[in-house]
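What follows is a set of notes on a single structure, which appears directly below.
Below, chains carry the letters A, B, ... as their sequence lines are ordered, and counting in each starts from 1. Side chains are part of it too, since the values below use all heavy atoms of this structure and drop only hydrogens, waters and symmetry mates.
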2 protein chains.
Amino acid sequence: MVGMRRPTMADVAREVGVTAKTVSRVLNDDGPVAADTRERVLAAVRRLGYQPNLMARNMRVGARDAAIGLVIPEMGNPFFGTVAGAVESAVRARGLTLIVGSSSETADLEQSLIATFLARRVSALMVVPSATGDHRHLRAERAAGLPVVFLDRPAVGMAADQVVSGNRDGARDGVAHLLAGGHRRIGFVGDLPATLYTRRERFQGYRDALEAAGVPFDRMLVESGHDQEAACAAVLRLLALPDPPTALFAANNFASMGAVVALARTGRRDVALVGFDDLTLAEVLDPPLTVVAQDPAAIGAAAAELVLSRLDGHRSKAARRLVIPTRLIPRGSGEIPPPS
Amino acid sequence: MVGMRRPTMADVAREVGVTAKTVSRVLNDDGPVAADTRERVLAAVRRLGYQPNLMARNMRVGARDAAIGLVIPEMGNPFFGTVAGAVESAVRARGLTLIVGSSSETADLEQSLIATFLARRVSALMVVPSATGDHRHLRAERAAGLPVVFLDRPAVGMAADQVVSGNRDGARDGVAHLLAGGHRRIGFVGDLPATLYTRRERFQGYRDALEAAGVPFDRMLVESGHDQEAACAAVLRLLALPDPPTALFAANNFASMGAVVALARTGRRDVALVGFDDLTLAEVLDPPLTVVAQDPAAIGAAAAELVLSRLDGHRSKAARRLVIPTRLIPRGSGEIPPPS
DNA sequence: GAACACAATGTCATCGTTGACATATGTCAT
DNA sequence: ATGACATATGTCAACGATGACATTGTGTTC
């Protein structure tokens, strides 16, 4: 019983008294088949519980696996999970299967995942590049016609289709919201390293907003941390300044959480806060957290679109770049006025 | 340039002046090869940028794809995302690739995903069964030696290895925590339909705790909702009862959120609350949310273990069942005393 | 009624790799 | 010198499917 061989097309064919090719024709609706034969083949397929072997099929047909490979940093992160989910449903609608791997933000793992995907001859490659990776090695693949798309961050060392959030505009909007509320001293809490693409972009957006409002930039108001605790400490440092900020812009998820914790611990309900990236419980917080929300599902869907269009024959050598806009969601924390 | 053929073993062999078989031997460390030949082969491999075709290899070698298929309800849900991440790293350590699909909790999608995976001849199948699905059709696969493991919920219609959370014990612990704090009227907020496995188990745990404490069960204290809003409304109904609960047990994630919202809206800071399943921001809430935390990473890892042991030849026909314990994390909301 | 179109099926090679077995050369003990 | 044996490589078929082309039979056309 264990390891019983699966029926193949040949088995079905023998059962019916035809050749494998005829079975293939029935199952693929390819070429003419007598109605009667078709019936008998289908009956035999059911009787034997035959299932076509996609591995063999893919190998013969395209020399390409009907799968696309996706590399994300973390599966447990709902942002990337949602991206992956959107990609999956988009490609599944086209009969493609999604193969996912997580890189844990390390260049090595990312590299080895990509190698595995290439070895499997995936039809396309979608990558959220790790901060430290180099993607030069993918140039040849792309040149050879493999669709390559980068998500959320641009790749280092090569041009390719990419989909990113409107980080700079989003950050500008968030900070502008605080400025519109009357704030003039707005702290920036970002992640580390400061060279991270998203961090750089959001920081630029912060400066854009200040400049547009004619508010001078003060480097004392910029702090960083690489996790929630560090972000919390960073906020505490800002609040302890001689001329402290009256509002905060948290440039990412855990910076937001760190800021919320810091404000809660110090009991400061007079400091406005806008966070970049939405949180499940944002509206349940006290005060409810105003955020600049990204749209991970749209990012995934757009990236899948780029891939599919390439698979459909879009051949322009130029890299296309899509920017998915963010959306400001005022909930309360960003609408706290500055002390008069 | 576009669609340029990839080099095959034969290409490498020609380059070196040997046969494909020799190249195969070098790359698989299989059989004796002269040191000199090996060098030249490896050099040619690098020169041509040759990468073995895993599709062809898998097909020849095992008639099994070196991949395992995983079906989860939602990728964007961090619980399942974390499960998937744990599975992935466990199987990758064994040279296997993870193929994921999300069923959106619908039996149809789940079915079609499983069919795709089977057609790809995955080496094993891991499924978080959708509530409405029937898995009888997998019996034959399991009988034929395909490792099948169910996660988070047992399957309907067939016995197979499975890994679930300690739902009943966890719920009992959570409710016992409230009872230990002196509460006697404890509301239960669950999901719908009430036939859902996890809901049933947690409800049992709730009753277990009441019984152990000698507190009579009151069906008036049981409410349900199928999303956060509904759960919020359910809690409001409970609080409006003539003899209202002094504490609440929220049997899942969105029930917890609904309860938090309800308590916030009504300004009731005197009602204790314990939620099942942890939330990212739980500790930032006011009061910080006491939860019964599950361990999705452990669930994924354990399930992967079961699969790998089967692949290693574990052949017992009996279904193995692992229960991953939960952990009570007191943070404040569960420690509010009943009004005296 | 010869020529032809089309339907229904079969034959064979092939995708890229590896298992089973064969061959050629050299080494060593008898 | 002669097996016996190990080393280094080659040959061929096979995994399961399909593409290109061949072969039959049947009805249509002028």
Side-chain angles (χ1 to χ4, degrees), chain A residues 3-42 44-45 48-67 95 116 118-123, chain B residues 3-42 44-45 48-67 95 116 118-123:
Chain A
M4 210 170 46
R5 207 175 60 85
R6 273 169 175 291
T8 71
M9 261 191 182
D11 296 325
V12 177
R14 197 171 317 115
E15 183 90 354
V16 181
V18 293
T19 31
K21 183 73 230 206
T22 301
V23 177
S24 164
R25 277 195 262 260
V26 171
L27 293 168
N28 296 301
D29 252 329
D30 172 37
V33 180
D36 163 59
T37 310
R38 147 172 278 108
E39 297 287 307
R40 280 160 46 229
V41 166
L42 292 176
V45 162
L48 298 183
Y50 168 77
Q51 286 176 308
N53 184 329
L54 278 189
M55 255 200 301
R57 175 170 214 288
N58 288 334
M59 181 172 150
R60 180 74 242 265
V61 171
R64 284 251 148 252
D65 192 339
T116 305
L118 291 176
R120 295 186 76 94
R121 302 293 188 267
V122 291
S123 296
Chain B
M4 211 170 47
R5 210 176 56 85
R6 275 170 172 292
T8 72
M9 261 188 182
D11 297 325
V12 176
R14 195 171 320 115
E15 182 91 355
V16 180
V18 294
T19 37
K21 183 73 228 207
T22 300
V23 176
S24 164
R25 277 196 262 260
V26 171
L27 267 49
N28 296 301
D29 254 330
D30 170 39
V33 179
D36 163 57
T37 309
R38 147 173 277 108
E39 297 285 309
R40 279 160 45 228
V41 166
L42 292 177
V45 163
L48 299 183
Y50 168 76
Q51 287 176 307
N53 183 329
L54 278 188
M55 256 199 301
R57 175 171 215 286
N58 288 333
M59 180 172 150
R60 178 73 241 262
V61 170
R64 284 254 149 249
D65 193 340
T116 305
L118 292 176
R120 295 186 75 96
R121 303 290 189 269
V122 292
S123 297

Within the pair A:Asn53 and D:dC15, is there a side-chain N or O less than 4.0 Å away from OP1 or OP2?
no
Can you give me the bend angle of the helix from C:dG1-D:dC30 to C:dT30-D:dA1? Use the axis through the first five pairs and the one through the last five, nearest 10 degrees.
50°
Let me have a per-nucleotide readout for nucleotides 7-14 of chain C, 5' to 3', with B, S or -, counting only protein heavy atoms under 4.0 Å.
SBBBB-BB
A:Pro52: what forms a side chain to side chain contact (heavy atoms under 4.5 Å, CB included) with it, not counting sequence neighbours?
A:Tyr50
For B:Asp11, all residues meeting salt bridge (charged side-chain N to carboxylate O under 4.0 Å, His left out), sequence neighbours excluded:
B:Arg5, B:Arg14
If the condition is side chain to side chain contact (heavy atoms under 4.5 Å, CB included), which residues does A:Glu39 pass it with, not counting sequence neighbours?
none
Applying side chain to side chain contact (heavy atoms under 4.5 Å, CB included), name anything that partners A:Ala44, two or more places apart in sequence or on another chain.
A:Val12, A:Glu15, A:Val16, A:Arg47
Is the shortest side-chain N/O distance from A:Asn28 to OP1 or OP2 of D:dT18 below 4.0 Å?
yes
Interatomic distance, A:Asp30 CG vs D:dA20 C1' [rounded to whole Å]:
12 Å
Separation of D:dA17 C1' from B:Met59 CE (nearest whole Å):
7 Å
What heavy-atom pair brings A:Ala20 and A:Ala13 nearest, and what distance separates the two atoms?
N-CB, 3.5 Å
According to side chain to side chain donor-acceptor pair (under 3.5 Å), who are the partners of A:Thr116, at least two apart in sequence or on a separate chain?
none
Could you tell me how far apart B:Asp11 (CG) and C:dG16 (P) are, to the nearest whole angstrom?
8 Å
What one should report as the nearest heavy-atom pair of B:Arg57 and B:Asn28 is NH2-OD1, 3.5 Å
Between B:Asp65 (CG) and C:dG16 (P), how many Å, whole number?
18 Å
Determine: side-chain N/O of B:Arg57 to OP1/OP2 of C:dT18, distance under 4.0 Å, yes or no.
yes
Just how far, in rounded Å, is P of C:dC15 from CZ of A:Arg121?
14 Å
How close or far is atom P of C:dG16 from atom OH of B:Tyr50, stated in whole angstroms?
10 Å
Using atom CG of B:Leu54 as one end and atom P of C:dC15 as the other, report the distance to the nearest whole Å.
19 Å
Could you state the CE-P distance from B:Met9 to C:dT17, rounded to the nearest angstrom?
5 Å
Just to verify, what does A:Arg40 make a salt bridge (charged side-chain N to carboxylate O under 4.0 Å, His left out) with, not counting sequence neighbours?
A:Asp36
Kindly write out the residues that satisfy side chain to side chain contact (heavy atoms under 4.5 Å, CB included) with B:Ala119, not counting sequence neighbours, or none if the list is empty.
A:Leu54
